[in-house]
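Below: one structure, written as structure tokens.
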Amino acid sequence: MGLINIINLPVLGDDRGRLIALEGSKSVPFEIKRVYYVFDTRKGIARGFHAHKALKQLAVCVAGSCRFVLDNGLEKEDVILDTPLKGLIIDKMIWHEMHDFSDDCVLMVLADEVYDEDDYIRNYENFIGIINV
Ligand code: TYD
């Protein structure tokens, strides 16, 4: 499988509009323990620049757009998220960066664990060192 793993989210639409419900271990392939969202990102700002030792996440751009860079230490790929219909899996040990946030971007992230700073690898050289062990 390539670096970019996109999930099509199930839409419950009717003539009033569209609705997407995300349930752990169903439309989302893990139990959801945490949800956070990034918004009001300032112009030219990039975020992320870390990998997680164990955390698995699903990122959904519910409004606007942004660009992800995913990097497994061997290869790097870009993907633009610009629809609430698709989610991007961010697996453990994937260096990720978010760029090009639109003014209206709301990036929602579902995670399989609560926040734990010890799970972060925030230094790229350390990340590459761990990958190459
Ligand atoms: P960080 O993960 O560095 O943001 P990004 O990856 O988008 O650049 O998080 C920013 C700050 O928020 C940092 O001090 C940690 C804190 N934080 C929490 O307290 N809980 C959370 O669930 C997340 C994601 C971050």
Inset, instruction - Apply salt bridge (Lys or Arg N to Asp or Glu O under 4.0 Å) to R18 and list each qualifying residue two or more places apart in sequence or on a separate chain. - result: none

Inset, instruction - Kindly write out the residues that satisfy side chain to side chain donor-acceptor pair (under 3.5 Å) with N8, not counting sequence neighbours, or none if the list is empty. - result: K86

Inset, instruction - Quick one: list whatever passes salt bridge (Lys or Arg N to Asp or Glu O under 4.0 Å) with E125, sequence neighbours left out. - result: none

Legend entry - Set of side chain to side chain donor-acceptor pair (under 3.5 Å) partners for Y124, sequence neighbours left out: D71

Legend entry - E31: partners by side chain to side chain donor-acceptor pair (under 3.5 Å), with sequence neighbours left out: S25

Inset, instruction - Hydrophobic side-chain clustering at under 4.5 Å (ILVMFWY, transitive links): who's grouped with V114? Put none if nobody. - result: none

Legend entry - Which residues share a side-chain contact (heavy atoms from CB on, under 4.5 Å) with I130, sequence neighbours left out: M93, I121

Pairs of donor and acceptor atoms involving the side chains of residues 38-49, under 3.5 Å and at least two apart or interchain, shall be tabulated with distances.
unit_1, atom_1, unit_2, atom_2, d
K43, NZ, D103, OD1, 2.9
K43, NZ, D103, OD2, 3.4

Inset, instruction - For D100, enumerate each residue passing the salt bridge (Lys or Arg N to Asp or Glu O under 4.0 Å) test, keeping only those at least two apart in sequence or located in another chain. - result: R67

Inset, instruction - Name all residues meeting the salt bridge (Lys or Arg N to Asp or Glu O under 4.0 Å) criterion together with E113; count only those two or more places apart in sequence or in a different chain, and write none if there are none. - result: K33

Legend entry - Any residue meeting side chain to side chain donor-acceptor pair (under 3.5 Å) with H52, in chain and number order, not counting sequence neighbours: H50, D119

Inset, instruction - With sequence neighbours left out, write down each residue that passes side-chain contact (heavy atoms from CB on, under 4.5 Å) with P29, or none if nothing qualifies. - result: I7, I89

